[in-house]
K.L.:
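What follows is a structure written as structure tokens; I'll ask about it next.
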Amino acid sequence: EATFAGRERVDLSPALEDVVRRFGSYMRRTAHRHSIDVSELDDVVQEARIRLWKALGTAENVRQVPAAYIYRTTMSAALDFLRRRRSRREQSLDVSESGASMLLVAKHSADGALIERETRDAVAKAVELLVESRRGVVKMYLAGYDREEIADLLGWSEAKTRNLLYRGLADVRQTLISWGYGPGAPS
């Protein structure tokens, strides 16, 4: 067992391995259709596995995950993989340009990257503080699912999903403001 943001987590490896065994070729085909090179397919499947682990949290949820959820998770992982690859290419092109201006750009991008990482970490911590019923909905929303998809995947009504999502997002916003992030934050 490992702790994850203060909560006990059971070993999800067997459940995740079962999902990858059952859906692995489907996940690889999905990633390949989105221009992922054959040599990189396993990286995308691993990223999707990590996302399933983070979003679903229990072995039972992982075992019952619908194919549509796996598809969306794999698509999201593939698109993020492509964005990272494009970003690396753009950064390597930047390095080959003029030296002095590149040092200035690198400093600003490093500052921006640090601020972005700190903000992302703060959002993740704020989400983990939510009550369980709101936490899952907010995580799915932040992963790119819309309200209707979340309602379908969880088997909830649209009204229940909307209510939990909006209350969860409001809680996250208030927590971030109290920590000094965003407009209205204490100085």
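Just so you know, these numbers use all the heavy atoms, side chains as well, and skip hydrogens, waters and symmetry mates.
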K.L.:
Cluster question for you: counting only ILVMFWY and a side-chain heavy-atom cut-off of under 4.5 Å, with indirect links fine, are Val138 and Trp179 together?
P.N.:
yes

K.L.:
Of all heavy-atom pairs between Ala151 and Ser157, which one has the smallest distance, and what is that distance?
P.N.:
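Residues Ala151 and Ser157, closest heavy atoms: CB-O, 4.0 Å.
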
K.L.:
Check this for me: Arg51, atom CZ, are more than 12 non-hydrogen atoms of other residues, nucleotides or ligands nearer than 6.0 Å?
P.N.:
yes

K.L.:
Look only at the side chain of Gln64 and the backbone of Asn61, and say whether a donor-acceptor pair between them is shorter than 3.5 Å.
P.N.:
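Here the side-chain-to-backbone pair does not exist.
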
K.L.:
For Tyr141, which residues count as a ring-ring contact (aromatic ring centres under 6.0 Å, His included) partner, sequence neighbours excluded?
P.N.:
none

K.L.:
Would you sort out whether Tyr69 and Glu149 count as a side-chain contact (heavy atoms from CB on, under 4.5 Å), showing the intermediate values?
P.N.:
CA-CA 9 Å; Tyr69 189 90; Glu149 290 174 308; over 6 Å; no

K.L.:
State the NZ-OG distance between Lys160 and Ser133, to the nearest 0.5 angstrom.
P.N.:
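Atom-to-atom, Lys160:NZ and Ser133:OG are 7.5 Å apart.
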
K.L.:
Indicate, with yes or no, if Leu129 and Leu142 share a hydrophobic cluster defined by side-chain heavy-atom contacts under 4.5 Å among Ile, Leu, Val, Met, Phe, Trp and Tyr.
P.N.:
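Yes; Leu129 is reachable from Leu142 via cluster members.
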
K.L.:
Is the shortest side-chain heavy-atom distance between Val19 and Ile70 below 4.5 Å?
P.N.:
yes

K.L.:
Side chain of Arg72, backbone of Ala143: donor and acceptor closer than 3.5 Å?
P.N.:
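No, because the side chain of Arg72 does not come within donor-acceptor range (under 3.5 Å) of the backbone of Ala143.
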
K.L.:
Can you confirm whether Arg162 sits close enough to Ile150 that some side-chain heavy atom of one is under 4.5 Å from a side-chain heavy atom of the other?
P.N.:
no

K.L.:
Quick one: do Glu47 and Asp80 satisfy side-chain contact (heavy atoms from CB on, under 4.5 Å)? Show the steps, please.
P.N.:
CA-CA 10 Å; Glu47 177 66 25; Asp80 286 348; 5.7 Å; no

K.L.:
Quick one: does any side-chain atom of Arg21 pair with a main-chain N or O of Glu17 as donor and acceptor, under 3.5 Å?
P.N.:
no

K.L.:
Name all residues meeting the salt bridge (Lys or Arg N to Asp or Glu O under 4.0 Å) criterion together with Arg173; count only those two or more places apart in sequence or in a different chain, and write none if there are none.
P.N.:
none

K.L.:
If we only count heavy atoms from C-beta on, is the Phe23 to Thr74 side-chain gap below 4.5 Å?
P.N.:
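Side chain of Phe23 against side chain of Thr74, heavy atoms only: no contact under 4.5 Å found.
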
K.L.:
Check whether any side-chain heavy atom of Tyr145 sits under 4.5 Å from a side-chain heavy atom of Thr73, and report yes or no.
P.N.:
yes

K.L.:
Measure the spacing between CG of Leu169 and CD of Gln174 and express it to the nearest 0.5 Å.
P.N.:
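Going from CG on Leu169 over to CD on Gln174, the span is 12.0 Å.
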
K.L.:
Do Thr161 and Leu154 come within less than 4.5 Å of each other through their side chains, counting heavy atoms only?
P.N.:
no

K.L.:
Does a side-chain heavy-atom distance below 4.5 Å link Arg28 with Asp42?
P.N.:
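Yes, at least one pair of side-chain atoms sits under 4.5 Å.
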
K.L.:
Under 3.5 Å, is there a donor-acceptor pair between the side chain of Arg135 and the main chain of Leu130?
P.N.:
yes

K.L.:
If the plane angle is over 60° it's perpendicular, under 30° parallel, otherwise tilted; pick one for Tyr71 and Tyr26.
P.N.:
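Rings of Tyr71 and Tyr26: tilted, as their planes differ by 30° to 60°.
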
K.L.:
Using 0.5 Å steps for rounding, measure from the CG atom of Asp18 to the CZ atom of Arg63.
P.N.:
7.5 Å

K.L.:
How far apart are the C-alpha atoms of Glu128 and Lys139, what are their side-chain angles, what is the distance that settles it, and do they pass the side-chain contact (heavy atoms from CB on, under 4.5 Å) test?
P.N.:
CA-CA 9 Å; Glu128 288 301 320; Lys139 281 183 177 183; 2.8 Å; yes

K.L.:
Over all heavy atoms of both residues, which pair between Leu176 and Ala126 is shortest? Give the atoms and the distance, please.
P.N.:
CD2-CB, 4.2 Å

K.L.:
Between Val44 and Met27, is any pair of side-chain heavy atoms under 4.5 Å apart?
P.N.:
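Side-chain contact under 4.5 Å: no.
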
K.L.:
Quick one: does Thr175's side chain get under 4.5 Å of Tyr181's, heavy atoms only?
P.N.:
no

K.L.:
Quick check for you: to the nearest 0.5 Å, what is the distance between Leu41 atom CG and Gln46 atom CD?
P.N.:
13.5 Å

K.L.:
Any salt bridge linking Arg134 with Asp171? Criterion: basic side-chain nitrogen under 4.0 Å from a carboxylate oxygen.
P.N.:
yes

K.L.:
Would Val62 and Trp53 count as a side-chain contact (heavy atoms from CB on, under 4.5 Å) here? Give the steps.
P.N.:
CA-CA 8 Å; Val62 170; Trp53 173 75; over 6 Å; no

K.L.:
Rounded to the nearest 0.5 Å, how far apart are CG of Leu82 and CD of Glu40?
P.N.:
8.0 Å

